[in-house]
2 protein chains.
Amino acid sequence: MSLEHAILGFLSSRQLTGYDLKKIFDTSVRHFWAADQSQIYRTLGRLARQGWAEMEVITQAERPDRKVYRITPTGRQELLNWLKSELPAEPPRSPEMIQVFFSAQLTDVQVRAMLERVADQMRQGLAVFDAIPKNIEAYAEFTQSPREFYFWLLTLEVGQMTTRANLDWIENVIQRIQDGEVPQA
Amino acid sequence: MSLEHAILGFLSSRQLTGYDLKKIFDTSVRHFWAADQSQIYRTLGRLARQGWAEMEVITQAERPDRKVYRITPTGRQELLNWLKSELPAEPPRSPEMIQVFFSAQLTDVQVRAMLERVADQMRQGLAVFDAIPKNIEAYAEFTQSPREFYFWLLTLEVGQMTTRANLDWIENVIQRIQDGEVPQA
DNA sequence: GTTTCATATAGGACATATCCTATATAGTAG
DNA sequence: CTACTATATAGGATATGTCCTATATGAAAC
């Protein structure tokens, strides 16, 4: 599972708490990886148990104690090995494509409505992408490295590109419906 | 979960067994939905229990008995409702993007190797797409409807388009590395 | 006759993710 | 003082998917 390596990746820059990581997953990388808070805490525990991270309790005066995690040399090696490894192919699983496939059973009017709905969701997604600040200063909290920031921008870029390409395709299909190019039975 | 609706979709054309569905998931729709055999059998049981499908045992002389499932009117209505509904947004989850993001920690040579590897996987995926027969006769077993076949082709089309767009983007990034456009620290 | 494949069925155990709950600190709004 | 937000932690139960196992029929290859 990649959450372990994602967390190791963040810990390789600096030590963090579960709460810190939750904020990072909710902001900086939410366009390509979402993680649930309890999942993060459980994964941190697992990383510590298998020796890829170590934990230190920091007592706080006016807040509950913080558990700060830092990557170990073993964990750093595991991260580098994983970064160089080939990922197993994932079984494809697209509810959208199931709807597209079986919407052959709907009328052209209903198909168009469905496609317009999906297109709207994609436009909203693009608006979210466009609204993300793209200057490194906005991300000082998670990195000061221009190289790291550049690679983060790459993930943003591909997300936007893919969403835009899918939106173009949907609009093209809508046009084909309007042009009467879709078989009726 | 969309597997229920995918199965309802197939049953809406004709009655099928779990074994039939496994073959369909392994061939015709494997480019956008993969399903495990035991998952299919369990989901069929659930569809029957909640009244969206009904099951009839067909005794066979020289093979084990077959359990044939057919969609019910309730199930057909549920399918149509689902086809017209807006899907909840899925949390994004891309192991590839995690590798891209953290590969900032690798050297340019290592990053290139990683991207070439991903590119190779995509070329293989495209080769698989290109090898899929695109004449309706090859799919007589699962549909004889030109409209249904057209919508199936749409799912193929978007899969190819997305894979190609991603491959172009990776090649572009490799070019940027070669051109020295990527920050070093 | 053993292995593999095809045709059939389906349960057990586990992995991963989600959603909910719970606790404990402080601060703000009403 | 209740509700909400922020800062902190983490377990219980469930949903979904995977992998393995098991059974039972026939056919083909070695």
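Quantities reported herein were computed from a predicted structural model and do not represent experimental measurements. Letters go in sequence order (proteins before strands), and every chain restarts at 1.
The separation between Leu16(A) atom CG and dT9(D) atom P is 11 Å, rounded to whole Å. Counting to the nearest Å, the P atom of dA8(C) and the CE atom of Met55(B) are 16 Å from each other. The CD1 atom of Ile40(B) sits 14 Å away from the C1' atom of dT16(D) (whole-angstrom rounding). The CZ atom of Arg42(B) sits 10 Å away from the C1' atom of dG17(D) (whole-angstrom rounding). At whole-Å resolution of the value, CZ in Arg49(A) and C1' in dA10(D) are 12 Å apart. Taking atom OH of residue Tyr19(A) and atom P of nucleotide dA24(C), one finds them 18 Å apart after rounding to whole Å. dG17(D) atom P lies 6 Å from atom CG of Leu3(B), rounded to whole Å. When rounded to the nearest whole Å, the span between OH of Tyr41(A) and P of dA22(C) equals 18 Å.
For Gln60(B) against dT25(D), no side-chain N or O and base N or O form a donor-acceptor pair under 3.5 Å. Interface remark: the Gln37(A) side chain does form a donor-acceptor pair with the dT9(D) base, using a distance-only criterion of under 3.5 Å.
Taking every side-chain heavy atom of Arg93(B) into account, dA17(C) is the closest of dC19(C), dA8(C), dA17(C). You'll find that the side chain of Glu62(B) is closest to dG26(D), out of dA13(D), dA17(C), dG26(D). Listed nucleotides: dG26(D), dG11(C), dG11(D). Nearest to the side chain of Ser38(A): dG11(D). Of all nucleotides listed (dT9(D), dA8(C), dG11(C)), dA8(C) comes nearest to the side chain of Arg66(B).
With a 4.5 Å cut-off on side-chain heavy atoms, Leu115(A) and Ile177(A) count as touching. With contacts defined as side-chain heavy-atom distances shorter than 4.5 Å, the pair Gln37(B)/Ile40(B) does not qualify.
Nearest-nucleotide assignment on DNA chain C puts the 5′-proximal partner with Asp36(B), out of Asp36(B) and Pro91(B). Both Ala61(A) and Trp33(A) lie close to DNA chain C; mapped to their nearest nucleotides by heavy-atom distance, the more 5′-ward contact belongs to Trp33(A).
The residue Gly18(B) sits close only to the backbone: its heavy atoms come under 4.0 Å of sugar-phosphate atoms, none of a base.
Phe10(B) and Phe102(A) have their aromatic ring centers within a separation under 6.0 angstrom.
Taking 4.0 angstrom as the limit, Arg63(B) places none of its side-chain polar atoms (N or O) nearer than this to OP1 or OP2 of dG26(D).
Classification of the Trp152(B)-His31(B) ring pair by plane angle, with boundaries at 30° and 60°, yields perpendicular.
When each of Lys23(B), Lys22(B), Arg30(B) is paired with Asp26(B), the side chain to side chain donor-acceptor pair (under 3.5 Å) condition holds for Lys22(B) and for no other.
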